[in-house]
Amino acid sequence: MTVITSVEQLRDIYKNPSEASLVKVTQALTPEYRLMIESSPFVALATVAPEGLDCSPRGDLGGVVRIQDNRTILLPDWRGNNRVDSLENIVRDPRVALMFLIPGSTSVMRINGRAVVSIEPELLQSFEMDGHHPRSVTVVTIVEVYFQCARAVMRAELWNPDRFSDPQTLPTPGQMLKGAKADFDQQTYDKEWPERAKATMW
């Protein structure tokens with residue numbers, strides 16, 4: 001296998017980036033970037049730790065984050081599986097990267113920044129949903145923000161319903177768990193999961 005071993009080799013193949021790909025990077029939210037991020041109900045959160053990297057999905061009704069100011073966004077941590085891989089990583093290494101998807105749009109928003117995990121009572125209370133509150137809020141200070149080239153989403157036809165997978169052709173969560181642990185009770189898990197998820201959404 002022929003591999004690239006230097007930045008010089010890489011640049012010889014890819015040449016220099018266009019002006020647009022450079023000037024789009026800002027150190028704070030522009031009004032346009034703010035509107036895009038406020039329109040996103042889903043973000044992938046990437047974190048780093050001595051053991052390696054992690055990338056975790058986050059979703060919410062309406063906007064997935066709250067914009068505090070043009071350099072700060074707030075990401076509530078709603079109910080999940082309690083692995084807290086992302087939060088453990090942030091406590092040890094504040095570097096984060098976020099990728100926002102906006103249903104129907106081919107543009108993807110990116111933020112690189114530094115984060116802390118807050119349990120400030122007033123902040124937690126401010127995110128009340130159906131009488132519930134997040135156990136923590138990730139506070140991200142923006143280092144750079146920009147929009148991603150639309151070609152990836154366009155190639156994937158991500159929002160084209162004709163390209164959606166039929167769930168019946170995919171393994172269920174229980175089947176995937178059984179594939180990882182042969183004696184896992186797949187049937188009970190799949191039977192109970194829809195109601196358990198509904199009851200523990202927030």
Side-chain angles (χ1 to χ4, degrees), residues 10 13-15 17-26 28-48 52-67 70 73-81 83 85-87 89-90 95-113 115 127 129 134 137-138 140 142-177 179-180 190 193-194 196-198 200-202:
L10 195 62
I13 296 171
Y14 285 92
K15 309 305 179 186
S18 67
E19 179 187 13
S21 68
L22 297 175
V23 301
K24 67 183 178 182
V25 180
T26 63
L29 293 172
T30 66
E32 295 79 12
Y33 286 174
R34 182 183 185 114
L35 179 59
M36 292 292 287
I37 288 174
E38 286 177 333
S39 300
S40 172
F42 178 88
V43 66
L45 171 66
T47 58
V48 61
L53 304 174
D54 182 70
C55 188
S56 177
R58 295 287 192 270
D60 211 339
L61 284 173
V64 66
V65 299
R66 177 190 298 167
I67 297 174
N70 67 358
I73 62 172
L74 308 174
L75 176 62
D77 189 64
W78 293 112
R79 300 275 295 266
N81 57 19
R83 283 186 54 124
D85 297 311
S86 299
L87 303 184
N89 289 354
I90 290 169
R95 292 175 295 170
V96 295
L98 301 96
M99 184 177 72
F100 297 84
L101 296 179
I102 301 100
S105 172
T106 55
S107 292
V108 176
M109 293 302 302
R110 302 278 300 276
I111 286 178
N112 294 323
F127 280 96
M129 179 69 74
V137 174
T138 299
V140 179
I142 295 171
V143 174
E144 58 181 12
V145 55
Y146 55 97
F147 70 94
Q148 189 75 35
C149 171
R151 291 186 185 91
V153 175
M154 293 170 68
R155 279 193 295 263
E157 296 188 44
L158 193 60
W159 310 122
N160 180 359
D162 293 334
R163 302 284 294 174
F164 290 178
S165 296
D166 178 358
Q168 299 302 316
T169 67
L170 301 173
T172 65
Q175 288 171 328
M176 289 187 283
L177 286 163
D190 281 338
W193 166 243
R196 185 166 69 251
K198 183 179 179 180
T200 58
M201 192 63 65
W202 309 111

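These numbers were taken from a predicted model, which means no experiment stands behind them.
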Would you say that [X] contacts [Y] through its side chain, given a criterion of any heavy-atom pair below 4.5 Å between the two side chains?
X      : Y     : result
Asn89  : Val48 : no
Leu98  : Ile73 : yes
Trp202 : Leu61 : yes

Got a donor-acceptor contact below 3.5 angstrom from the [X] side chain to the [Y] backbone?
X     : Y      : value
Asn70 : Ala28  : no
Trp78 : Met201 : no
Ser40 : Phe42  : yes

Where [X] and [Y] come nearest, the two heavy atoms and their spacing:
X      : Y      : answer
Ser86  : Leu45  : CB-CD2, 4.0 Å
Ile102 : Met36  : CG1-O, 3.6 Å
Pro76  : Leu74  : CD-O, 3.7 Å
Val143 : Gly113 : CG2-CA, 3.6 Å
Ser21  : Pro17  : OG-CB, 3.2 Å
Asp60  : Gly63  : CB-O, 3.8 Å

Would you give the length of the straight line joining atom [atom1] of [X] to atom [atom2] of [Y], rounded to the nearest 0.5 angstrom?
X      : Y      : atom1 : atom2 : value
Asp77  : Phe127 : CG    : CZ    : 11.0 Å
Met109 : Ile37  : CE    : CD1   : 4.5 Å
Glu157 : Phe164 : CD    : CZ    : 10.5 Å
Tyr33  : Ile111 : OH    : CD1   : 10.5 Å
Glu144 : Lys24  : CD    : NZ    : 10.5 Å
Leu35  : Thr30  : CG    : OG1   : 9.5 Å

For atom [atom1] of [X], is the number of surrounding heavy atoms from other residues, nucleotides or ligands below 6.0 Å larger than 12?
X      : atom1 : value
Arg95  : CZ    : no
Met176 : CE    : yes
Tyr14  : OH    : no

